Amino acid sequence: MRLATWNVNSVRQRLQHLARFCTTAAPDVLCLQETKVRDADFPAHDLRDLGYVHQVVHGQKGYNGVAILSRIPFEGEGTETWCGRDDRRHAFVRLPGGIELHNFYVPSGGPVPDPERNEKFAHKLQFLTEMARWGRRGRTAGRRLVLMGDLNVAPLETDVWNHKKLLRSVGHTPVESEHLQRALGDSGLIDAARHFVPPGEHLYTWWGYRFPRSLEKNYGWRLDHVWVSAPLLPALHGFRVVKETRSWERPSDHVPVVIEVA
DNA sequence: ATGGCTCTAACATAGAGA
């Protein structure tokens, strides 16, 4: 079974790219973030035509929004809200074989990495704290679980193109990295990317629009993550960042991440 | 210290992304 995650930065703007990606990479299940559309306007038919007839859609007008698209029937599905808000940032399904798949979109955190001065940064830290608590509740022990999505934190030095330069930039501050690593550690989940790509090697999934020629200069960040539980690790056979989508015409700033689970 | 670019909502520009 092939699972993918992709922050598409508007599902309606990215339909051609989704068709191209799904035709070539052929994921069985695809987690989307930043769909930016209310459920009534979600392009369900276009995605059904690509073979993704099973869909969990959890969106809102203009911002946020997650969806899980699948060729494989779900055995269960749901959504959750976080930090006492109605933001659409989390959906999950149960797949055949008892695999629990969670799709997350963590808040970006605004421009200033100070929770006293920036409410969005405080919200981000609170979200990561709630994630750590959520993962701890015996949710992962002995279970076949995959957590994937745009977690909006690049926790390792090699997860950004210039560690020293970006230490005070939101997404790579020590407090965010600590929060993310705590959520990972407390959950007992394994960072699938770093299972395949050693921590000493640079690895990115996002190249910003605003920095001139960020892709050509490879000024990237690893913001999109896949975590798997220990019982699934023997079945985890492949990991790939599909960087080429970033050079397609009018791309998302994020690229897909794909794993294979036997 | 700031903005760079892209998208949405709604029709000119402002907010969000990270």
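Residue numbers begin at 1 in each chain, while the letters A, B, ... track the order of the sequences. Computed from a predicted model, the values in this text were never measured in an experiment.
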Original post:
Which part of the nucleic acid, if any, lies within reach of R38(A) when heavy atoms closer than 4.0 Å are counted: base, sugar-phosphate only, or nothing?
Top reply: nothing

Subject >> Donor on one side chain, acceptor on other, H202(A) and Y204(A), under 3.5 Å >> reply: yes

**OP:** Determine whether the aromatic ring centres of F211(A) and W161(A) lie less than 6.0 Å apart.
**Re:** yes

Subject >> Between dC5(B) (P) and R246(A) (CZ): distance, integer Å >> reply: 13 Å

**OP:** Check the distance between dT8(B)'s P and R12(A)'s CZ and give it to me in whole angstrom.
**Re:** 6 Å

Original post:
Rounding to a whole Å, what distance do you find between H17(A):NE2 and dT6(B):P?
Top reply: 12 Å

**OP:** Kindly indicate whether a cation-pi arrangement holds for R222(A) with W206(A), taking the cut-offs as under 6.0 Å to the six-membered ring centre and within 45° of the axis.
**Re:** no

Subject >> Protein-nucleotide distance (D41(A), atom CG; dT8(B), atom P), rounded to Å >> reply: 12 Å

Original post:
Applying the side-chain hydrogen bond (donor to acceptor under 3.5 Å, both in side chains) test to N7(A), which of D224(A), D150(A), D253(A), N152(A) qualifies?
Top reply: D150(A)

Original post:
When rounded to the nearest Å, what value does the distance between C1' atoms of dG4(B) and dA18(B) take?
Top reply: 13 Å

**OP:** To the nearest Å, give me how far apart CG (L125(A)) and C1' (dA18(B)) are.
**Re:** 14 Å

Original post:
Between Q13(A) and dT6(B), does any side-chain N or O lie under 4.0 Å from OP1 or OP2?
Top reply: no

Original post:
In whole Å, what separates the P atom of dA10(B) from that of dG15(B)?
Top reply: 14 Å

Original post:
With a 3.5 Å cut-off and no angle check, do the side chains of N64(A) and R88(A) form a donor-acceptor pair?
Top reply: no

Find every protein N or O atom lying less than 3.5 Å from an N or O atom of nucleotides 15-17 of chain B, and list the pairs.
| from | atom 1 | to | atom 2 | distance (Å) |
| --- | --- | --- | --- | --- |
| dA16(B) | OP2 | K120(A) | NZ | 3.2 |
| dA16(B) | O5' | K120(A) | NZ | 3.3 |
| dG17(B) | OP2 | S108(A) | OG | 3.3 |
| dG17(B) | O5' | S108(A) | OG | 3.1 |
| dG17(B) | O6 | R210(A) | NH1 | 3.0 |

**OP:** Kindly state whether the ring of H90(A) and the ring of F92(A) have centres lying under 6.0 angstrom apart.
**Re:** yes

Original post:
Within the pair R213(A) and dG4(B), is there a side-chain N or O less than 4.0 Å away from OP1 or OP2?
Top reply: no

Subject >> Check: W82(A) ring centre within less than 6.0 Å of F104(A) ring centre >> reply: yes

**OP:** For nucleotides dA14(B) and dG3(B), find the distance between their P atoms and express it as a whole number of Å.
**Re:** 13 Å

Original post:
Does R250(A) put a side-chain nitrogen or oxygen below 4.0 Å from OP1 or OP2 of dC7(B)?
Top reply: yes

**OP:** Would you mind reading off the distance between W206(A) atom CH2 and dT6(B) atom C1', rounded to a whole angstrom?
**Re:** 12 Å

Original post:
dT6(B) C1' sits how many Å from W248(A) CH2, rounded?
Top reply: 18 Å

Original post:
Taking OH from Y204(A) and C1' from dA18(B), how many angstroms apart are they, rounded to a whole number?
Top reply: 16 Å

**OP:** Please tell me which of T35(A) and P212(A) maps to the more 5' nucleotide of DNA chain B, matching each residue to the nucleotide holding its nearest heavy atom.
**Re:** P212(A)

Subject >> Nearest-Å distance once atom P is located in both dA12(B) and dG17(B) >> reply: 26 Å

